[in-house]
Amino acid sequence: MIKWFRNLTREGLQRLLFFGVLVLVAGAFILAFTLGNNNEGNIVPDDPIDNPSDDDPKEPTKPTKPTAETFKIPCELEKYTVLRKFYQVDDEEESQEMSVIQFGSKYFLSRGISIKDENDNEFSVIAAMSGTVKEVSESPIYGLTVVLDHGDDITTEYISLSNATVKVGDKVVQGQKLGTSGKNEYDAKASNHLHFKVSKNGKYYNPLDILGKKKEEIK
């Protein structure tokens with residue numbers, strides 16, 4: 001073998017090296033092609049969640065702004081009667097008569113409204129708006145009274161309750177039960193009812209006028 005190698009001419013040696021390099025290049029090409037085909041079977045498809053298509057765009061969810069509360073009637077009765085109205089000087093005579101309360105031999109002008117069930121049944125009294133329980137008091141004349149503080153110097157009063165389900169300092173949400181309607185001596189003719197008042201800075205407002213309004217709309 002060594003003798004054969006020594007007998008090779010320079011030209012023959014060059015040809016041998018050329019064919020050797022050619023074989024190596026060809027082998028490397030075939031190996032690369034084979035590995036490439038094998039890897040194609042292992043490709044993981046794109047996750048449709050991480051890479052949404054143009055046909056089904058995923059928009060980020062936008063946070064919704066909380067809706068400001070508006071005053072609601074403080075009961076969930078389907079049918080109720082407003083037995084006593086808020087006294088107003090410019091009201092018609094019939095409405096003014098409905099706003100006068102007789103207690104003993106004296107007459108008083110209503111600074112709220114009295115609500116009762118059409119069948120004279122007791123009913124749940126609820127918060128007209130979210131707030132904090134400022135007062136829970138009991139009187140032989142007025143019955144149980146719950147007062148809520150709504151901020152901005154606005155308070156609501158729930159008078160003539162037979163029982164209360166909240167205590168001073170409780171945080172209540174709109175629609176939460178405060179107690180149950182009842183009877184009192186102050187307006188015995190009204191029988192079972194709720195007397196409801198709304199005030200701001202000590203000034204009383206007709207509750208029927210503020211229903212559906214926001215706190216800042218009470219001027």
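Hydrogens, waters and symmetry mates play no part in the numbers below; they use all other heavy atoms, side chains included.
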Output every pair passing salt bridge (charged side-chain N to carboxylate O under 4.0 Å, His left out) with a member in [range], not counting sequence neighbours, ordered by first then second residue.
{"range": "residues 90-101", "value": "none"}
{"range": "residues 201-219", "value": "Asp152-Lys215"}
{"range": "residues 116-136", "value": "Lys116-Asp120"}
{"range": "residues 153-177", "value": "Lys167-Asp170"}

Residues which pass salt bridge (charged side-chain N to carboxylate O under 4.0 Å, His left out) with Arg84, listed by chain and number, not counting sequence neighbours = Asp187
key: Set of residues satisfying ring-ring contact (aromatic ring centres under 6.0 Å, His included) with respect to Phe86, sequence neighbours excluded   =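 So Phe86 forms no ring-ring contact (aromatic ring centres under 6.0 Å, His included) with any residue.
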note = Residue set satisfying ring-ring contact (aromatic ring centres under 6.0 Å, His included) with Phe103, at least two apart, ordered chain then number -> Tyr186
ask   = Which residue pairs satisfy the ring pair (Phe, Tyr, Trp, His ring centres under 6.0 Å) criterion with at least one member in residues 198-219, sequence neighbours excluded?
value =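 Sorted result for residues 198-219: empty, none.
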request  = Kindly state each residue pair satisfying ring pair (Phe, Tyr, Trp, His ring centres under 6.0 Å) with at least one member in residues 111-130, sequence neighbours excluded.
outcome  = none
request  = With sequence neighbours excluded, tell me which residues meet side chain to side chain contact (heavy atoms under 4.5 Å, CB included) with Val168.
outcome  = Val136
Results of side chain to side chain contact (heavy atoms under 4.5 Å, CB included) for Ser160 - residues two or more places apart only = Asn184, His193
task = For Thr180, check side-chain hydrogen bond (donor to acceptor under 3.5 Å, both in side chains) against everything at least two apart and list the hits.
result = Asn163
